[in-house]
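This report refers to the structure that appears directly beneath it.
All of these numbers come straight from a predicted model, not from anything done at the bench. Numbers here are sequence positions counted from 1.
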Amino acid sequence: MKRLILWTNLLALAACARAIPPAPSGISPVSAIPGFRLPEPRPSNLGRNATADAVVNDLAAAAPDPREVPSFDADNVRWDIDVRSFADHPRVQYYLNYFQGVSRPGMAVFLARGARYEPMIRRRFEAEGLPGDLGYLALIESGYSNDAVSRSQAVGMWQFMKATARGYGMRIDSWVDERRDPVKATDAAARHLHHLRDRFGSLYLAAAAYNAGAGKVSRSLGKLQWDAQDEPDPAADTLDTTEETDSLAQEDADADSADMVDAIIDSTNVTSDAAFFRLAGNDLLTTETQDYVPKLIAAALVAKQPERFGITEPPAEPFVYDSLVVTATTGLDVIARLAGVPVDDIAELNPQYLRLATPPHTMSVIRLPLGTGDQVASGYADVRPGNRVHFMTHVVRRRERLTSIAARYHLPVQEIRAANPASRTSHLKAGTRLVIPAVAVPSALAMRAAVGSSPSVRHYRVATHRVRSGETLIGIARHYRVSLRALRRVNALPVEYTLRAGKRLRIPS
C-alpha cells in the first residue's frame, strides 16, 4: 500500500507546475511584507483602499524583519532572488509544507534529476544577466523532465508552447522536438525570461508572465490602482523611480501597452517584486499564476537546504558530454553500438530525436557519453552510409490499409509513403514489406505534441479496422498498441458489447 501511495505522489507531480495543487482559498490575501495581511479589496470605498495601499507602500519600503523569516541559516545559504522578504508568506508556507509532506518523494526525485542540469542552467542564466536561482522555475514547471507534456501541449523541461518555442528558433516536427533538448530549451528560456524581465522590471513579474503570458500580466497591471507617494525613496525600490505630478487616472488605460505598465510601476513606492503579490492579492491573476511565484520561492528554499526539509541532498552529477556532427540520417542505436553503451544512454542525452534517429538532409549534433567522442567519430567514418540507420519494417497483412499502419507506428501517412517510393501504397498487397522511417515506435503523446492536428496527422487519427472472424476487442487493442478503454471510448462501445465480424472500428492514435 505504501508503494502505491509513493507512485501516486510521483505521478501527480511528474508533468508540470499545473500538477501541483493550488493553495487553499482560505489563505489570506497576499502582502508584500511577511505577517501583514491586506484588507479585502472594496471597489466601492476608494478612500479606505487608498489608506490600505499607503500602508502597504510604507511597509514595502522597510527592510524585512529577520524575526519574521523562517529559521534557516542565512549566513551559510544565499539566494540571488528575493527569498527573505517573502519566505514567511502564507502561500509560500503552504507549499513548503506540501513539498516536505505529501510530495516529499517526488521532490527528492526532482532534486536528484535537477542536480545534473542545475550547473548548466545557472551558467546560461548568469550569462544572460539573470540570477541563477531563477532556474528553479524548471523544478516547478516540469520537475526537470525533458519528456514532460502538459494538457495544453507544453513540452519539455521549460514547458514551452509550440509558437513560443518556434519564436526562439527551436525546431519542432515529426522528427525533432527541440523543446525536449535541455541545452536549447534552457537557452530559449534564458532569453525569454531576459526579455520579460526587461519589459516588466521585476523577476517575479517576469516569472508570472512566463506562466500566464506577458499580455495577461500587462492587462492586470493596467487594472491595478496604486497609491502613489509624494516623496518616493529610490533605495526602497528595485526600479528607477521618477517623480510624477499627474495622477494615473489622467492616463489612458491601454492594457496592452508596455509604456503603461512602466508608468504604473514607476509611479509607486513599492518594489516591483512586491507588485506581483499586490496583483495576486487583488485577484487580477488566475489561481495558477497567483501560486506560481510562491511555488518558486518555496522550491528555492527547499532546493538550497533539502536536509532541513527531510530530503537527502542529491549527489552532483554534471551534465557533460562529447558530440558528433552528422549530415545524414543516423540511428542512435548505431551510435550506441560504436560507443559501447546501451541505446538508452544515448537516447537520454538526445531526447529531442523522437524516432531515435536524426532527421534526413540535416546537419545534426548527437551527444555522446564523455570520453567516447574520438572512438565514435573514428568508428562512424568506417560505417557505410547505408548502414548508418536501420529503420523498422512492416509486412502488410490481408486487407490492411496504409492509414492503419501509420496509426500503429504513430507516423504521418505521407512519410511512410515517401519512404516506400517503389510500393503502390494506395493498393497494398498482403506480404508487401514496407520501410517504417523510425528506429523505434515514437510516443503517441510526443508526436501529438509535436505535430498537433496538422493535415499530416489527421489521416491516421481516423484510421479504421474491419473486424475479422475470431478477433476480439482486446486483441485489436494490443495489435494497434492502444488501450482497451480508449478503443471502447472512441467507438462508444459498452463493456458488454459483442464484437461481430465485418464491423468497422475507429482506431485512436
Side-chain angles (χ1 to χ4, degrees), residues 14 145-149 153 155-156 171-181 329-337 342-360 362 364 366 387-397 400-420 423 425 428 432-454 456-465 473-487 490 505-509:
S145 172
N146 297 312
D147 298 323
V149 179
Q153 306 300 305
V155 173
R171 173 175 174 171
I172 304 171
D173 54 37
S174 65
W175 283 91
V176 180
D177 190 343
E178 291 183 337
R179 293 175 294 179
R180 297 171 179 270
D181 186 324
T329 306
T330 302
L332 299 190
D333 57 333
V334 174
I335 298 299
R337 178 173 55 82
V343 67
D344 288 346
D345 291 358
I346 303 297
E348 184 181 5
L349 288 169
N350 301 273
Q352 67 273 23
Y353 298 126
L354 303 181
R355 309 187 194 187
L356 290 188
T358 61
T362 304
S364 304
I366 301 177
N387 294 329
R388 289 176 178 175
V389 62
H390 303 295
F391 285 143
M392 296 184 293
T393 58
H394 176 86
V395 179
V396 179
R397 298 186 304 177
E400 198 169 27
R401 297 186 177 188
L402 190 62
T403 52
S404 62
I405 296 172
R408 179 176 181 177
Y409 294 100
H410 309 146
L411 296 175
V413 172
Q414 61 266 34
E415 293 200 11
I416 297 181
R417 185 178 288 120
N420 298 273
S423 301
T425 53
L428 292 174
T432 302
R433 188 176 293 272
L434 296 178
V435 174
I436 306 299
V439 172
V441 179
S443 162
L445 182 62
M447 293 295 287
R448 186 160 55 249
V451 298
S453 57
S454 64
S456 63
V457 179
R458 201 170 294 140
H459 293 292
Y460 69 79
R461 283 193 173 179
V462 294
T464 60
H465 174 85
L473 203 59
I474 190 171
I476 296 171
R478 287 174 178 171
H479 174 72
Y480 289 105
R481 301 183 184 184
V482 298
S483 69
L484 181 61
R485 183 178 179 182
L487 189 60
V490 78
L505 297 177
R506 300 183 65 189
I507 306 299
S509 56

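- Of all heavy-atom pairs spanning Ser364 and Pro359, the tightest one is OG-CD, 3.6 Å.
- The distance from the CD atom of Glu400 to the CZ atom of Arg408 is 7.0 Å, given to the nearest 0.5 Å.
- The aromatic rings of Tyr480 and His465 lie perpendicular to each other, with more than 60° between the two planes, well past the 30° mark.
- Residues Leu402 and Leu434 meet the side-chain proximity criterion, which asks for heavy atoms closer than 4.5 Å.
- With sequence neighbours excluded, no residue satisfies side chain to side chain donor-acceptor pair (under 3.5 Å) with Asn350.
- Scanning both residues, Thr393 and Arg433, for their nearest heavy atoms gives OG1-NH1, 3.6 Å.
- Looking at heavy atoms from C-beta onward, Leu354 lies out of side-chain contact with Ser443 at the 4.5 angstrom threshold.
- Looking at every heavy atom in both residues, Phe391 comes nearest to Ala438 through CD2-N, 3.3 Å.
- A pairwise comparison of heavy atoms in Ala407 and His410 identifies O-CD2, 3.2 Å as the closest pair.
- Listed by first and then second residue, the salt bridge (charged side-chain N to carboxylate O under 4.0 Å, His left out) pairs involving residues 473-483 amount to none (not counting sequence neighbours).
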Worked check of side-chain contact (heavy atoms from CB on, under 4.5 Å) between Val334 and Asn387
CA-CA 8 Å; Val334 174; Asn387 294 329; over 6 Å; no

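- Counted within 6.0 Å of CZ on Arg388, heavy atoms from surrounding residues, nucleotides or ligands total more than 12; the atom is thus considered enclosed.
- Residues passing the side chain to side chain donor-acceptor pair (under 3.5 Å) test with Thr358: none are found, sequence neighbours excluded.
- The distance from the CG atom of Asp181 to the CG atom of Leu349 is 10.5 Å, given to the nearest 0.5 Å.
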Would you please test Thr403 and Thr464 for side-chain contact (heavy atoms from CB on, under 4.5 Å) and show each step?
CA-CA 8 Å; Thr403 52; Thr464 60; 5.7 Å; no

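- Considering only heavy atoms from C-beta on, Val490 stays 4.5 Å or farther from Val482 through its side chain.
- Applying the salt bridge (charged side-chain N to carboxylate O under 4.0 Å, His left out) test to every pair with at least one member in residues 347-357, sequence neighbours left out, gives these pairs: Arg116-Glu348, Arg355-Glu415.
- Taking Ala449 as the reference, Val149, Gln153, Val155, Arg179 meet the side-chain contact (heavy atoms from CB on, under 4.5 Å) condition, with sequence neighbours excluded.
- Under the rule for a side-chain contact (heavy atoms from CB on, under 4.5 Å), the partners of Pro360 that lie at least two apart in sequence or sit in another chain are Trp175, Thr329.
- Distance check: Ile335 CD1 to Ile366 CD1 gives 4.0 Å after rounding to the nearest 0.5 Å.
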Chi angles and distances behind the side-chain contact (heavy atoms from CB on, under 4.5 Å) call for Asp177, Ile172:
CA-CA 4 Å; Asp177 190 343; Ile172 304 171; 3.7 Å; yes

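- With a 4.5 Å cut-off on side-chain heavy atoms, Ser174 and Leu411 do not count as touching.
- Side-chain contact between Leu445 and Asp147: absent, with no pair of heavy atoms (C-beta onward) separated by less than 4.5 Å.
- With sequence neighbours excluded, no residue forms a side-chain contact (heavy atoms from CB on, under 4.5 Å) with Ala418.
- Shown here are the side-chain contact (heavy atoms from CB on, under 4.5 Å) partners of Asp333, two or more places apart in sequence or in another chain: Val343, His390, Val439.
- Legend: residues meeting ring-ring contact (aromatic ring centres under 6.0 Å, His included) with Tyr409, ordered by chain and number and at least two apart, are His394.
- Between Met447 and Pro412, the closest side-chain pair of non-hydrogen atoms falls below 4.5 Å.
- Remark: Arg171 engages Asp173 in a salt bridge (Lys or Arg N to Asp or Glu O under 4.0 Å) (not counting sequence neighbours).
- For the pair Thr362 and Val176, the minimum side-chain heavy-atom distance is 4.5 Å or more.
- With a 4.5 Å cut-off on side-chain heavy atoms, Met392 and Val441 count as touching.
- When every heavy atom of Val413 is checked against every heavy atom of Ala406, the shortest pair comes out as CG2-CB, 3.7 Å.
- With values rounded to the nearest 0.5 angstrom, Leu332 atom CG is found 11.5 Å from Asp345 atom CG.
- Listed here is the closest heavy atom pair of Leu356 and Ala440: CD1-CB, 3.7 Å.
- Distance check, rounded to the nearest 0.5 Å: OH of Tyr353 to OG1 of Thr330 gives 9.0 Å.
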